[in-house]
Structure formats: C-alpha cells, structure tokens
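What follows is a short report on a single structure.
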Amino acid sequence: MASLRVVVRMFCSATEAAVAPVTSSRWETLKNSKAGVWCRSLVSDYREACKEMVVGAWERPIKATAYTTLLGGAWACFHTKPDHPSFEAALLECSNQLGLLSPWIRNMTSDGHVQSLVKLRNEGRLCYVSLGLLSLVYSANYDPDTTLYEAQCSNLSVRWWEFPKQVLDVGFAGRWWILNSKMQDYDVNEEEFKYLPAHMQLTSPPSVQEVERNEKLHKDSWLALTMEDKEKETSVVDREEERQIQPLKEEQTQA
C-alpha cells in the first residue's frame with residue numbers, strides 16, 4: 001500500500017508539472033515579491049493622499065491658502081535664518097563703525113552693548129544655538145573648554161528658567177534684531193543734550209514745503225551763473241551806491 005501511495009503521488013506531481021505554465025519572468029517575480037508588494041502599497045497610499053489633498057484644497061481654498069502660507073513662511077524663515085559667522089561679521093562691522101567715531105559723539109547705549117559683546121567673545125563665553133526657525137546668541141558663565149569644576153558640574157549649571165536672562169540677541173529673517181536696534185543713532189551722543197532746555201532737546205521734522213524749498217535752493221546752486229545775472233547784480237550794486245552817495249552830494253552843495 002505504501003508503494004502504491006508513492007506511485008500515485010509521483011503521478012500527480014508529474015501531471016501538475018505538465019499542466020503548470022512556463023515560469024514567470026524576472027519582472028513578475030520582483031513585482032510579486034515582498035519588496036514589490038510593499039513598494040506598490042506605498043505608492044498607492046501616496047497617490048491617495050495626494051488625491052485627497054488636491055480635493056480638499058479645491059473644496060476649502062481659504063484653509064488651503066492659509067496652510068500653504070504658513071508652510072511657505074516657515075520654509076523661508078528656516079532658509080533665511082542667520083548663523084554664527086553672520087553674527088560675528090555683524091559684530092565686527094558694528095565695532096568698526098563705532099571705532100571710526102570720536103568717543104565724544106558715540107551713543108553710549110550702542111557703545112556699551114557692542115563692547116560687552118566683544119568682551120564676551122574674547123572670553124569665549126559668547127554661545128550660539130539654532131532653534132530651527134530662529135537663532136539665539138547667549139552668554140555662558142564659563143568657556144566650554146574650561147576644565148574647572150564649576151564649569152563641568154551639571155548641578156552648578158544654569159537652570160532653564162534662568163536662560164532667558166542670558167539671551168543677548170535673536171536672529172530671525174536674515175538679521176540680528178537686538179544688535180540692529182542698539183545700533184540705531186549710534187553716532188548721536190544723547191548725553192551732550194541732557195543739560196539743554198526741554199524745548200531744545202526735541203527737534204521736529206521739516207514740513208513738506210521746507211523740504212521742497214531746500215531742494216530747489218540746492219538745485220539752483222548747481223546752475224551756471226549767466227552774464228545777465230552778473231549785469232543785474234552790478235546794476236543793483238551801482239544803484240545802492242548812488243543812493244548812499246546822493247545825500248553826501250546834497251550836503252556839499254548846500255555848504
């Protein structure tokens with residue numbers, strides 16, 4: 001019986017092999033493999049997600065516009081975020097601008113802020129950190145390369161709630177905001193005017209008529225002087241001299 005079963009099985013397997021089609025190609029084998037099925041399902045999911053996104057944007061255009069604006073703004077902020085070398089260059093530029101001025105006309109606020117940053121930089125305590133959309137420059141208590149116990153002990157480090165007090169500048173949208181605000185009117189020493197009367201400390205901007213009149217006078221000063229203008233000026237001067245000499249002549253005749 002056992003031999004009969006073996007013969008039947010061999011006959012069945014031979015029959016299935018004869019009926020089975022020719023082996024599939026390599027592309028079919030790859031497509032039906034686990035990796036191929038996973039890739040096809042992934043592409044199908046992405047296709048459905050993109051289709052739903054387009055349909056949702058068509059049905060809710062205001063919401064889609066708001067989301068697109070936020071994503072575009074975040075992308076622009078990320079790519080225009082200033083880095084550490086840009087802060088070094090800005091600090092050097094501000095220091096050079098103040099160095100070209102006399103100490104008597106420097107703005108004390110600008111000069112003090114820049115000098116403190118330069119001192120921290122020379123001590124190695126000026127640190128930089130990137131937060132994705134913006135950058136921060138802060139002061140550390142010690143140089144990171146210092147091997148003192150106070151500098152290396154984590155229990156003596158600055159607590160997170162004290163960190164905002166050490167922030168010195170914020171980099172956002174391609175500029176360092178605190179440094180630029182401190183450098184406004186860096187060539188105006190306000191200490192020179194604090195002893196003046198109150199009405200002399202404040203100056204009002206010129207009106208539109210005064211600006212136009214000053215521009216017209218400036219343009220007229222570049223015009224060439226013609227001979228007619230010279231003759232008119234000489235005639236006016238001669239008339240003035242005659243008016244001054246006439247009373248003298250009358251006094252002489254009367255005498």
Side-chain angles (χ1 to χ4, degrees), residues 73-74 76-154 156-208 210-211 214-215 217-218:
C77 293
F78 178 78
H79 283 276
T80 59
K81 173 190 61 180
D83 53 1
H84 193 196
S86 68
F87 183 79
E88 296 279 347
L91 180 60
L92 182 61
E93 179 67 21
C94 294
S95 179
N96 291 337
Q97 290 177 355
L98 291 171
L100 296 174
L101 300 177
S102 172
W104 301 104
I105 61 175
R106 293 177 190 169
N107 191 316
M108 295 294 104
T109 303
S110 303
D111 189 47
H113 183 71
V114 172
Q115 292 298 331
S116 63
L117 291 178
V118 172
K119 181 180 178 182
L120 291 173
R121 177 183 177 275
N122 294 336
E123 294 176 355
R125 296 168 51 197
L126 199 63
C127 302
Y128 168 87
V129 62
S130 175
L131 300 181
L133 300 181
L134 52 88
S135 305
L136 295 179
V137 172
Y138 64 96
S139 62
N141 293 334
Y142 301 96
D143 190 338
D145 297 332
T146 303
T147 57
L148 295 174
Y149 175 77
E150 293 83 356
Q152 301 297 329
C153 181
S154 60
L156 299 178
S157 60
V158 180
R159 300 295 183 265
W160 63 268
W161 58 82
E162 298 178 355
F163 180 76
K165 299 179 181 179
Q166 295 184 294
V167 175
L168 300 175
D169 213 326
V170 178
F172 181 74
R175 60 181 299 182
W176 296 97
W177 292 87
I178 297 179
L179 183 60
N180 291 338
S181 64
K182 294 290 185 180
M183 285 298 293
Q184 288 185 357
D185 298 330
Y186 67 93
D187 55 348
V188 178
N189 187 6
E190 298 178 355
E191 298 295 327
E192 295 181 344
F193 310 106
K194 67 179 182 179
Y195 298 107
L196 295 176
H199 68 278
M200 298 180 65
Q201 293 182 7
L202 301 176
T203 57
S204 59
S207 61
V208 179
E210 293 179 352
V211 173
N214 292 334
E215 290 180 355
L217 292 175
H218 179 70

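Just the heavy atoms: all of them, side chains too, but no hydrogens, waters or symmetry mates, feed the values below. It should be emphasised that the depicted structure is a prediction, and the values quoted were computed from it without experimental measurement.
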Any pair counted as salt bridge (charged side-chain N to carboxylate O under 4.0 Å, His left out), so long as it reaches residues 81-98, sequence neighbours left out: E88-R121

Separation of N189 CG from N107 CG (nearest 0.5 Å): 7.0 Å

Any donor-acceptor pair under 3.5 Å from S139 side chain to L126 backbone: no

Value rounded to 0.5 Å, distance of CG in D111 from CZ in R106: 5.0 Å

Close side-chain approach of L117 and F87, heavy atoms under 4.5 Å: yes

Shortest non-hydrogen contact between L131 and L136, atoms and distance: CD1-CD1, 3.5 Å

Heavy-atom closest contact (F78 atom, G132 atom, distance): CD1-O, 3.2 Å

Heavy-atom closest pair, residues G171 and P82: CA-CG, 3.5 Å

Nearest-0.5 Å distance, CG of residue D187 to OG of residue S110: 9.0 Å

Exercise: identify the closest heavy-atom pair between L168 and H113: O-CE1, 4.3 Å

Geometric class of the H84/Y128 ring pair [parallel <30°, tilted 30-60°, perpendicular >60°]: parallel

Expected output: side-chain D169 to main-chain L179 donor-acceptor under 3.5 Å: yes

Heavy-atom closest contact (M183 atom, V114 atom, distance): SD-CG2, 3.9 Å

Spatial distance of atom CG (L133) from atom NE2 (H79) [nearest 0.5 Å]: 11.0 Å

Validation row: Q166, N141 side chains within 4.5 angstrom (heavy atoms): yes

Heavy-atom pair with the smallest gap, counting every atom of F172 and L134: CD1-CB, 4.1 Å

Close side-chain approach of L100 and N96, heavy atoms under 4.5 Å: no

Whether S95 side chain and L91 backbone form a donor-acceptor pair below 3.5 Å: no

